[in-house]
Amino acid sequence: MEFGICFKGFVEPERARALVRQAENAGFDYCWFYDSHILWRESFVAMAMCMEHTTRMRFGPLVTNPNSREWSVAASLFGSLAKQSGGRFDIGLGRGDSAVRVMGKKPSTLKRLEEFTHVVKALIRGEEVQYGECPEPVKFPWADGYELPVWIGAYGPKALASAGRVGDGVVLQIAEPKIVKWLADQAKTAGTEAGLDMSNYKVMAAAPAHTGPIDEAIEKVKWFPAMVGNHVADIVEKYGSDSDQVPSSLTSYIENRKGYDYSKHGQSDNPYLDFITEDIIKSFCVLGTPEEHIAKIRELEEAGTTQFNIYLDSGDEEKIIADYGDTVIPAFREKADNVTELKAVS
């Protein structure tokens with residue numbers, strides 16, 4: 001099991017540097033950043049800064065999209081950060097939600113998302129590429145063959161199929177093990193049907209985690225199911241609430257949803273939180289004592305999760321990192337070490 005943290009772009013630079021140093025020392029493997037340039041500061045600037053204060057952690061946007069930047073600019077940015085970090089750079093990719101909808105624009109189509117994936121990966125490898133928005137072929141003379149890992153954010157059946165066909169992994173914004181398995185299996189099936197080897201396919205469960213008292217934590221992470229509900233509402237609109245393509249456990253909780261304020265995206269003061277119940281919060285997030293975190297993350301692991309990524313923006317960030325470094329991460333590292341020893345003996 002890999003572990004990640006994810007920032008919004010409102011963390012002050014000095015504190016961001018301290019948090020990533022603490023997280024790397026605690027054993028975290030990834031540091032992700034929201035990529036919504038209007039709601040928060042430009043994420044890639046912060047990534048470049050934090051890379052210089054770490055030696056092992058990998059970095060990337062969670063998620064970027066095909067519409068915010070011209071494709072050669074995006075590819076040059078990704079390739080440059082991969083080079084600058086010594087190969088410690090991935091991207092999470094989605095259709096574009098808070099980054100474009102807050103401007104009144106529409107998200108990318110899935111066809112465009114798949115094409116973007118192929119184009120940026122090829123450019124970063126150093127291949128010559130001609131694509132729809134550019135009349136002449138493009139090639140980076142400085143590219144050195146880096147293979148960019150791309151994680152696709154998805155919920156709906158078609159997006160999950162795209163994630164399986166073109167992604168190296170899938171991003172699932174939820175920490176409910178049964179739903180994670182149901183969604184991840186769809187992506188893996190699509191990849192297998194496309195003739196791909198899915199044995200090393202990665203599955204990320206991304207959600208808030210909090211190790212303080214449950215009552216306090218529930219209020220601090222209540223924003224998250226509302227954010228998830230906004231995505232689920234799109235799926236329900238497309239497929240219907242009684243579709244067998246989406247589990248009822250994922251759709252039923254939005255029945256009383258009244259709206260969503262994108263200017264308050266991912267924030268606890270979003271005015272549209274009344275439909276969120278305590279049970280949903282506990283189901284979608286990871287709360288309680290460090291031992292309770294270990295138990296739930298083991299369930300996620302059994303469901304196929306390969307990385308648990310904490311949305312680290314609900315308060316008490318230093319304490320959460322410390323609790324994971326002291327108790328949670330070692331429990332999984334010890335398990336991995338034991339498995340390695342057993343394989344060596346056999």
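E299 has no carboxylate O lying under 4.0 Å from a charged side-chain N of K181, or vice versa, which leaves the two without a salt bridge. Salt bridge present: R69 and E42 bring a charged side-chain N and a carboxylate O closer than 4.0 Å. Ion pair E278/K282 flagged as a salt bridge, since at least one NZ, NE, NH1 or NH2 atom sits closer than 4.0 Å to an Asp/Glu carboxylate oxygen.
Checking each of K202, E301, M1 against T306 for a side-chain contact (heavy atoms from CB on, under 4.5 Å) leaves exactly one that passes, namely K202. With I152 as the partner, the side-chain contact (heavy atoms from CB on, under 4.5 Å) test is satisfied by one option alone out of V63, L113, V171: L113.
For the ring-ring contact (aromatic ring centres under 6.0 Å, His included) test, no residue two or more places apart in sequence or in another chain qualifies with F59.
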Audit row: D323, V328, side-chain contact (heavy atoms from CB on, under 4.5 Å) steps and yes/no
CA-CA 7 Å; D323 287 341; V328 180; 5.6 Å; no
Can you list the steps and then say if N309 with C6 is a side-chain contact (heavy atoms from CB on, under 4.5 Å)?
CA-CA 7 Å; N309 178 27; C6 187; 3.8 Å; yes
Assess whether side-chain contact (heavy atoms from CB on, under 4.5 Å) is satisfied between M47 and Q84, documenting all intermediate values.
CA-CA 11 Å; M47 283 181 233; Q84 182 172 318; over 6 Å; no
Could you give me the CA-CA distance, side-chain angles and deciding distance for L62 and Y30, then say whether side-chain contact (heavy atoms from CB on, under 4.5 Å) is met?
CA-CA 11 Å; L62 200 79; Y30 278 81; over 6 Å; no
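The heavy-atom pair separating P61 from D90 by the smallest distance is CD-O, 3.5 Å. Of all the heavy atoms in L123 and A143, the pair that sits closest is O-CB, 3.8 Å. The nearest pair of heavy atoms linking V138 to S72 is CG1-CB, 4.3 Å. The shortest non-hydrogen separation linking C285 to P208 is CB-O, 3.6 Å. Shown here for Q307 and W151, the closest heavy-atom pair between the two residues is NE2-CH2, 3.4 Å. Counting all heavy atoms, side chain and backbone alike, S68 lies closest to V100 at OG-CG1, 4.3 Å.
A heavy-atom distance below 4.5 Å is found between the side chains of S162 and R165. Within the 4.5 Å cutoff, the side chain of R88 has heavy atoms near those of the T54 side chain. Side-chain contact check for E127 versus R125: some heavy-atom pair is nearer than 4.5 Å. T64 is listed as a side-chain neighbour of F78, based on a closest heavy-atom distance under 4.5 Å. By the 4.5 Å heavy-atom criterion applied to side chains, L183 and V170 are not counted as neighbours. A heavy-atom distance below 4.5 Å is found between the side chains of H210 and I320. Side chains of D316 and K220 form a contact here, defined as non-hydrogen atoms less than 4.5 Å apart. Under the 4.5 Å side-chain criterion, counting only non-hydrogen atoms from C-beta, R58 is not in contact with D29.
Put simply, CZ on F224 and CD1 on I281 are 11.5 Å apart, with the number rounded to the nearest 0.5 Å. A distance of 5.0 Å separates CD in E318 from CG in L19, rounded to the nearest 0.5 Å. Between the CD1 atom of I218 and the CG atom of L287 there is a distance of 6.5 Å, given to the nearest 0.5 Å. Rounding to the nearest 0.5 angstrom, the gap separating the NZ atom in K8 from the CZ atom in F33 is 13.0 Å. Atom OH of Y201 and atom OG1 of T192 lie 10.5 Å apart (nearest 0.5 Å). Interatomic distance, OG of S108 versus CG of N65, reported as 7.5 Å (0.5 Å rounding).
Not one N or O on the side chain of S283 forms a donor-acceptor pair closer than 3.5 Å with the backbone of D279. Remark: side-chain polar atoms of R56 are paired, donor with acceptor, to backbone N or O of F28 under 3.5 angstrom. Put simply, the side chain of E176 gets close to the backbone of I179: a donor and an acceptor are under 3.5 Å apart. Side-chain atoms of Q22 do not come within 3.5 Å of backbone N or O of V20 as any donor-acceptor pair. A donor-acceptor distance shorter than 3.5 angstrom exists from the side chain of E70 to the backbone of V73, with no hydrogens or angles considered. Using modelled atom types, no side-chain atom of E193 and backbone atom of A190 make a donor-acceptor pair closer than 3.5 Å. R112 contributes a side-chain N or O that, together with a main-chain N or O of P66, makes up a donor-acceptor pair within less than 3.5 Å. Judged by distance alone, the side chain of R333 and the main-chain N or O of G27 form a donor-acceptor pair under 3.5 Å. Side chain of E24 to main chain of T55: a donor-acceptor pair is present (N/O by atom type, distance under 3.5 Å, no hydrogens or angles).
Under 3.5 Å, the side chains of D197 and S199 contain a donor-acceptor pair of N or O atoms. A donor and an acceptor atom, one from each side chain of S80 and W142, are nowhere located under 3.5 Å apart.
For the pair R41 and Y34, the cation-pi test (distance below 6.0 Å, angle within 45°) is failed.
Using the six-membered ring where Trp is involved, F44 and F89 have ring planes that are tilted, between 30° and 60° apart. Classification of the Y311-W223 ring pair by plane angle, with boundaries at 30° and 60°, yields tilted.
For E128, the CD atom counts as densely surrounded, since its 6.0 Å shell holds more than 12 non-hydrogen atoms of other residues, nucleotides or ligands.
By the rule that hydrophobic residues join a cluster once side-chain heavy atoms approach within less than 4.5 Å of another member, I310 and V11 end up as members of one cluster. V45 and I38 end up in different hydrophobic clusters when Ile, Leu, Val, Met, Phe, Trp and Tyr side chains are linked at under 4.5 Å. Both M198 and V203 sit in one connected hydrophobic cluster of ILVMFWY residues. Membership requires side-chain heavy atoms under 4.5 Å apart, directly or through other members. Residues I5 and M49 fall into different hydrophobic clusters, defined by Ile, Leu, Val, Met, Phe, Trp and Tyr side chains chained together at heavy-atom separations under 4.5 Å. Neither L110 nor L93 shares a network with the other; the hydrophobic side chains, linked directly or stepwise wherever heavy atoms of I, L, V, M, F, W or Y lie under 4.5 Å apart, form separate groups for each.
Residues H293 and Y324 place their aromatic rings such that the two centres sit under 6.0 Å apart.
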